[in-house]
Amino acid sequence: MKKAIVLSLCFMVAFQTLAEARDYFLYTDENITYLKNQINTDPQIKRLWDKNYKEARELLKKERLGANDCKLLGLVYRMTDETKYAEAIKKILQDYVSRETWESEQLLSRTPSWQGGLKTSHTSFYIAIGYDCIYDYLSAEERQQIAAEFVRVGIDPAREDWLLPASSFHTFDTMGHNWWSACVYMAGISALAVREEIPEATEWVREIAATASEWVNFAGSVLQNKPPTFDQDGGFYESVNYANYGVSQYLLFRYALQEVWPEEPQLELPVLDKIGDFFIDVCYYVKDGSVLSLPFGDTGILISGQETVNLLWKLGYQKERYAWYLKKVSQRDGNQKLPKLDSPEDLALLPDLPALPADYVPDMPTSHLYEDMGWASLRNSWEDNASLLAIKSGFTWNHAHADAGSFVIFHKGKYIITESGKSSYGNPLYTEYYCQSEAHNVVLFKGQGQNRRDPYYGVVNSGSLHNLLEGQNFKYVMANASGPYAHILARNYRHFIWVGDVILVIDDLLAHESGKFEHLIHYNGESERNGRDLSIKDGESEVLVRPLFPETFPVGGLPHDFPEQIRLEEKLGYKDHHPEERQPYWSISPAEETQRTKFITAILLKTDDNQDQLPEIERFQGDNFIGVSITQDNETTELYFNLKADGRLKHRNSVNDMNGWETDAYLTVLKFDEGADKSNPDHLKEVFIGHGSYLRRDSQVLMHALSKYTALVEDINGKAEVIFQGQDEATFRLRSIQPVSDVKLNNRVVPGVYDEDSQMVKLVVEN
């Protein structure tokens, strides 16, 4: 009987112990078990673990440790159960919670005093991890003492500054849009860590979790020139760097909540299903090298969205393309397939990714426009070392630079047409140069770009991007930088047309007075002018920049022999992240001052296939129009720029006859087989209309609508496919030699009404 009672008591104690086992929020039992299995089966992971284990042993030799060391020491303790690591963490906790504040003197000295800024946020996260990892090592009394002081110095300052009605003074856009996420959600993780010792902490966690929908959906401010937090497609305007930081801070909290309270309902946030695609879109993939990211704003070219996408995966957002992306960003130079472990939690959060086919590429369009925030990425494929054109014409404020209308190019594995990047925030050149327009590939007028105060105050009328169209071998997008330049320019429109291996950059510029326009080109590698081309070369990657309008470079002789030709001037800026080093860049400008001008610049992408036969590019012009002809791969493409359509006419339509093609369109692009009779509409292969209502030739109507639109028609004399962007309701008529009953319009088949007399099919477009 006594034996039965003893066994029963033992069972009860064991059951009670099991029931009270700690639910860890980051270094969970499941994550630790998976990591141990990976160490036993994957030699590369074992080497990474050995490296971390060695670093942890070295830490124990130091007399004084920092809060950040809790991450590594906590991981090693959870992996090994060696109490010396727990004891080291306890000393860190006791040291930090005994302090008066964790915040920097700089923020504490503000009025009102900022008690819960980023330093407090980061420290709170580290202390929360340490507390969580050694929870069972601490006595009940130690837990209570540390938790109470943790609330005082870490959690209360964040809640008081950011949340509580009686004391908060921060909002969603304080210090950009990433600070809210960092300061508030790290306080949430901290409250979750002390939930057993502080009865009120449970309510604090729920209070903080409930803010996520408002943070995600923050709509910006017209009065103070603040943008929304997120683009409707999941983009985050502050830069790739701050997108990854801000979003990952929230996702860490969401993940911790999931692990500790798996039954607790989480907020439905549709944007979480889009953020991963944004990071895929804004990266460039290099064969046997590091993934590069778009350089817009305060970021670094090697920064990716790895932490964010990894957390999305752990939270159940598990798409094949996310697995592809995570494997890509885990590669290092030299083709080492090793995770980039910037912190120990990366090792603890290793995702269990599926195997993918060797030729897998994302099932996504190769081009995407983030219309709300003014970013676009256009690439010719998802393969490594492809060509990528990226454009920004959006907000300027805080981490977003004065770069409306700027663009960069990646080609053959290199970041070749570049921006200047950034420096540390404490360096005067950050404000004086890196944030300013001259550090980007924009147009200057009289040496000026955007107002130099825009990065501080924001821009009242931000830049924008419009009308992204992508066909089989044609891409178009328009940048409107007129708003940010309104103090010096009445028009600042930049169009990008990408055909084959040629990108045309078309600038439509009108100033309030006469002056000198400049087109800036920043670059990596070596650059020199050879005849009519400006060569930019970095290793095996080379592009040729060829000005076409208003004039070309002098083909022969010295510049002073051709005073009417385009001028090229080398200027000096500063190197990305290295303001102590000067970096040359180019200024391309017309010979004379003017009030209105058109730049058309061709950028030729040199490839292995076209080295011996580059595209043939010729300029032409006529009465009120200028144009460019491109011949490559047995096809000729003609661009017409209707000068009567650039806003110079009021109450008169921009009707023009350009080499026999009648249209009111601003831009017209026609594609033929090389050598075909270009006066015969039956020989047309492809037509693009940019802001026009009709196209006719010899009384034959090819395209027509009652309002202006932008459209691409491929195989116009065969089985036509149409991409149409216009008003929400439009009647569009398209020439068809053969009777048709339906047409593929905007990637879906729509019914049409065919008229034999006019050889036109009528389509109703409903966007």
**Student:** Let me see the working for N642 and T668 under side chain to side chain contact (heavy atoms under 4.5 Å, CB included), right down to the final yes or no.
**Tutor:** CA-CA 8 Å; N642 181 0; T668 305; over 6 Å; no

**Student:** What about the rings of Y476 and F688, do their centers lie closer together than 6.0 Å?
**Tutor:**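 Yes; F688 has its ring centre under 6.0 Å from that of Y476.
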
**Student:** Could you tell me whether E674 atom CD has more than 12 heavy atoms of other residues or ligands within 6.0 Å of it?
**Tutor:**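 Correct, the count exceeds 12.
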
**Student:** Just wondering, do T636 and L670 contact through their side chains at under 4.5 Å, heavy atoms?
**Tutor:**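 No, side chains not in contact.
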
**Student:** Please report whether the ring centroid of H519 lies less than 6.0 Å from that of F517.
**Tutor:**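 Between F517 and H519, the centre distance exceeds or equals 6.0 Å.
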
**Student:** Distance from D233 atom CG to D281 atom CG, nearest 0.5 Å?
**Tutor:**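 Atom-to-atom, D233:CG and D281:CG are 9.0 Å apart.
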
**Student:** Okay, side chain of N717, backbone of L684: is any donor-acceptor separation there less than 3.5 Å?
**Tutor:**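 The answer is yes, because a donor-acceptor pair under 3.5 Å joins these two groups.
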
**Student:** Please give me the minimum heavy-atom distance between H683 and F672, naming the atom from each residue.
**Tutor:**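 In this case the closest contact between H683 and F672 is O-CD2, 3.5 Å.
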
**Student:** Within the side chain of T396, is there an N or O that forms a donor-acceptor pair under 3.5 Å with the backbone of G458?
**Tutor:**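 Judged by distance alone, no pair lies under 3.5 Å.
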
**Student:** Among Y666, Y493, F625, exactly one meets ring-ring contact (aromatic ring centres under 6.0 Å, His included) together with F641. Which residue is that?
**Tutor:**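 For F641, the ring-ring contact (aromatic ring centres under 6.0 Å, His included) test succeeds with only one of Y666, Y493, F625, which is Y666.
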
**Student:** Out of curiosity, R532 CZ to L548 CG, how far, rounded to the nearest 0.5 Å?
**Tutor:**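 Output value for this atom pair is 8.5 Å.
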
**Student:** Tell me the closest heavy-atom pair linking L468 and Q725, and the distance in Å.
**Tutor:**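 Result for this residue pair: O-NE2, 2.8 Å.
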
**Student:** Do you know the tightest heavy-atom contact between L509 and V443?
**Tutor:**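 Taking L509 first and V443 second, the nearest heavy atoms are CD1-CG1, 3.8 Å.
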
**Student:** Any chance the rings of F620 and Y640 have centres within less than 6.0 Å?
**Tutor:**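 Here the rings of Y640 and F620 have centres that are less than 6.0 Å from each other.
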
**Student:** Of the non-hydrogen atoms in T607 and Q611, which two are nearest, and what is the gap between them?
**Tutor:**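 Taking T607 first and Q611 second, the nearest heavy atoms are O-CG, 2.9 Å.
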
**Student:** Do the charged groups of K598 and D508 touch, with an N to O distance under 4.0 Å?
**Tutor:**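 Looking at K598 and D508, the cut-off is met.
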
**Student:** Go through the steps to decide whether D501 and N610 satisfy the test side-chain hydrogen bond (donor to acceptor under 3.5 Å, both in side chains), and finish with yes or no.
**Tutor:** CA-CA 9 Å; D501 295 329; N610 70 20; 3.0 Å; yes

**Student:** Determine, stepwise, if the pair D677 / S679 fulfils side-chain hydrogen bond (donor to acceptor under 3.5 Å, both in side chains).
**Tutor:** CA-CA 5 Å; D677 180 2; S679 67; 2.6 Å; yes

**Student:** How close do V459 and P484 get, counting heavy atoms only, and between which atoms?
**Tutor:**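 In this case the closest contact between V459 and P484 is CG2-CA, 3.7 Å.
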
**Student:** Has Q472 got more than 12 heavy atoms of other residues, nucleotides or ligands less than 6.0 Å from its CD?
**Tutor:**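 Not more than 12 within 6.0 Å, no.
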
**Student:** In this structure, are over 12 heavy atoms from other groups packed under 6.0 Å from K537 atom NZ?
**Tutor:**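 Atom NZ in K537 is not packed in, count stays at 12 or less.
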
**Student:** Look at atom CG of N653 and say whether more than 12 heavy atoms of other residues, nucleotides or ligands are closer to it than 6.0 Å.
**Tutor:**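 Open: at most 12 neighbouring heavy atoms sit under 6.0 Å from CG of N653.
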
**Student:** Between the side chains of S514 and T594, does any donor sit under 3.5 Å from an acceptor?
**Tutor:**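 S514 vs T594: no donor-acceptor pair found between side chains.
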
**Student:** Do I716 and L734 touch side chain to side chain, with heavy atoms closer than 4.5 Å?
**Tutor:**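 Side-chain contact under 4.5 Å: yes.
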
**Student:** Is a side-chain N or O of Q450 found less than 3.5 angstrom from the main chain of A404, in a donor-acceptor match?
**Tutor:**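 The answer is yes, because a donor-acceptor pair under 3.5 Å joins these two groups.
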
**Student:** Please find the pair of heavy atoms, one from E570 and one from Y523, that lie closest to each other, and give the distance.
**Tutor:**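 Scanning both residues completely, I find the closest heavy atoms to be OE2-OH, 4.1 Å.
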
**Student:** Set out, in order, the CA-CA distance, both residues' side-chain angles and the distance that settles side-chain hydrogen bond (donor to acceptor under 3.5 Å, both in side chains) for S589 and E569, then state yes or no.
**Tutor:** CA-CA 8 Å; S589 59; E569 179 184 357; 5.8 Å; no

**Student:** Between the side chains of R697 and E662, is the shortest nitrogen-to-carboxylate-oxygen separation below 4.0 Å, so that they form an ion pair?
**Tutor:**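 Looking at R697 together with E662, the answer is no, because their closest N to O distance does not fall below 4.0 Å.
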
**Student:** Using the benzene-type ring in the case of Trp, are the ring centres of W375 and F296 under 6.0 Å apart?
**Tutor:**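 Under 6.0 Å, so yes.
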
**Student:** Atom OG in S464, atom CG in N480: separation rounded to 0.5 Å?
**Tutor:**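 So the gap between those two atoms works out to 4.0 Å.
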
**Student:** Check each of Y434, Y585, Y433 against S420 using the side-chain hydrogen bond (donor to acceptor under 3.5 Å, both in side chains) test, and report the only one that passes.
**Tutor:**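 So, applying the side-chain hydrogen bond (donor to acceptor under 3.5 Å, both in side chains) to S420 and each of Y434, Y585, Y433, only Y433 qualifies.
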
**Student:** Has R453 got more than 12 heavy atoms of other residues, nucleotides or ligands less than 6.0 Å from its CZ?
**Tutor:**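 Counting neighbours around CZ of R453, 12 or fewer heavy atoms of other residues, nucleotides or ligands fall under 6.0 Å, so no.
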
**Student:** For the side chain of K606 and the backbone of D609, is there at least one donor-acceptor N/O pair under 3.5 Å apart?
**Tutor:**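 No, because the side chain of K606 does not come within donor-acceptor range (under 3.5 Å) of the backbone of D609.
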
**Student:** For E581, I'd like to know if atom CD has over 12 heavy atoms of other residues, nucleotides or ligands within 6.0 Å.
**Tutor:**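 Buried by this count: over 12 neighbours within 6.0 Å.
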
**Student:** Could you label the plane-to-plane angle of the F278 and Y370 rings as parallel, tilted or perpendicular, counting under 30° as parallel and over 60° as perpendicular?
**Tutor:**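 F278 vs Y370 ring planes: perpendicular.
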
**Student:** So if I apply the side-chain contact (heavy atoms from CB on, under 4.5 Å) rule between S387 and each of H411, R379, K412, which one comes out positive?
**Tutor:**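 Single side-chain contact (heavy atoms from CB on, under 4.5 Å) partner of S387 among H411, R379, K412: H411.
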
**Student:** Does any non-hydrogen side-chain atom of T552 lie less than 4.5 Å from one of P547?
**Tutor:**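 No, too far: nothing below the 4.5 Å cut-off.
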
**Student:** Could you please spell out the steps behind the ring pair (Phe, Tyr, Trp, His ring centres under 6.0 Å) verdict for H440 and H522?
**Tutor:** CA-CA 7 Å; H440 305 85; H522 294 260; 7.3 Å; no

**Student:** Roughly how far, to the nearest 0.5 Å, is the CZ atom of R596 from the CZ atom of R491?
**Tutor:**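 R491 atom CZ to R596 atom CZ measures 7.0 Å (nearest 0.5 Å).
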
**Student:** Tell me whether R582 forms a cation-pi arrangement with Y574, defined as NZ or CZ under 6.0 Å from the six-membered ring centre and within 45 degrees of its axis.
**Tutor:**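 Positive - R582 is close enough to the ring of Y574 and near enough to its axis.
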
**Student:** Can the positive tip of R494 be found less than 6.0 Å from the middle of the six-membered ring of F407, inside 45° of the ring normal?
**Tutor:**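 Relative to the ring axis of F407, which defines the angle, R494 lies outside at least one limit.
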
**Student:** Can you see whether F549 has R619 sitting over its ring - NZ or CZ less than 6.0 Å from the centre and within 45° of the normal?
**Tutor:**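 Ring-cation test returns yes.
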
**Student:** Under the side-chain hydrogen bond (donor to acceptor under 3.5 Å, both in side chains) rule, what do S587 and E518 come out as? Steps first, then yes or no, please.
**Tutor:** CA-CA 6 Å; S587 166; E518 298 176 76; 2.5 Å; yes

**Student:** Begin from the C-alpha positions of E470 and K475 and carry the test salt bridge (charged side-chain N to carboxylate O under 4.0 Å, His left out) through to its verdict.
**Tutor:** CA-CA 4 Å; E470 180 173 35; K475 305 177 194 294; 2.2 Å; yes

**Student:** Heavy-atom count around Q232 CD within 6.0 Å, excluding the residue itself: above 12?
**Tutor:**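 Counting neighbours around CD of Q232, more than 12 heavy atoms of other residues, nucleotides or ligands fall under 6.0 Å, so yes.
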
**Student:** Would you please indicate yes or no on a ring centroid separation below 6.0 angstrom for F236 and Y242?
**Tutor:**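 No, they do not, as the ring centres are separated by 6.0 Å or more.
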
**Student:** Roughly how far, to the nearest 0.5 Å, is the CG atom of D372 from the CG atom of L465?
**Tutor:**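 That separation rounds to 11.0 Å.
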
**Student:** Between K392 and E419, does any side-chain N to carboxylate O distance fall below 4.0 Å?
**Tutor:**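 A salt bridge is absent here (no side-chain N lies under 4.0 Å from a carboxylate O).
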
**Student:** How many angstroms lie between atom OG of S707 and atom NE2 of H691, to the nearest 0.5 angstrom?
**Tutor:**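 One gets 9.5 Å once the value is rounded to the nearest 0.5 Å.
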
**Student:** Within a radius of less than 6.0 Å around CD of E540, do more than 12 heavy atoms belonging to other residues, nucleotides or ligands occur?
**Tutor:**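 It does not: E540 CD has 12 such atoms or fewer within range.
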
**Student:** Under a 4.0 Å threshold between the charged nitrogen and the carboxylate oxygen, would K422 count as salt-bridged to D298?
**Tutor:**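 Judged by the 4.0 Å cut-off on N to carboxylate O distance, D298 and K422 do not form a salt bridge.
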
**Student:** Check this for me: does any side-chain nitrogen of one of E513 and K446 sit under 4.0 Å from a carboxylate oxygen of the other?
**Tutor:**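 Yes.
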
**Student:** Which residue, I566, N530, V545, forms the side-chain contact (heavy atoms from CB on, under 4.5 Å) with F553?
**Tutor:**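 Result: among I566, N530, V545, I566 is the only option passing the side-chain contact (heavy atoms from CB on, under 4.5 Å) with F553.
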
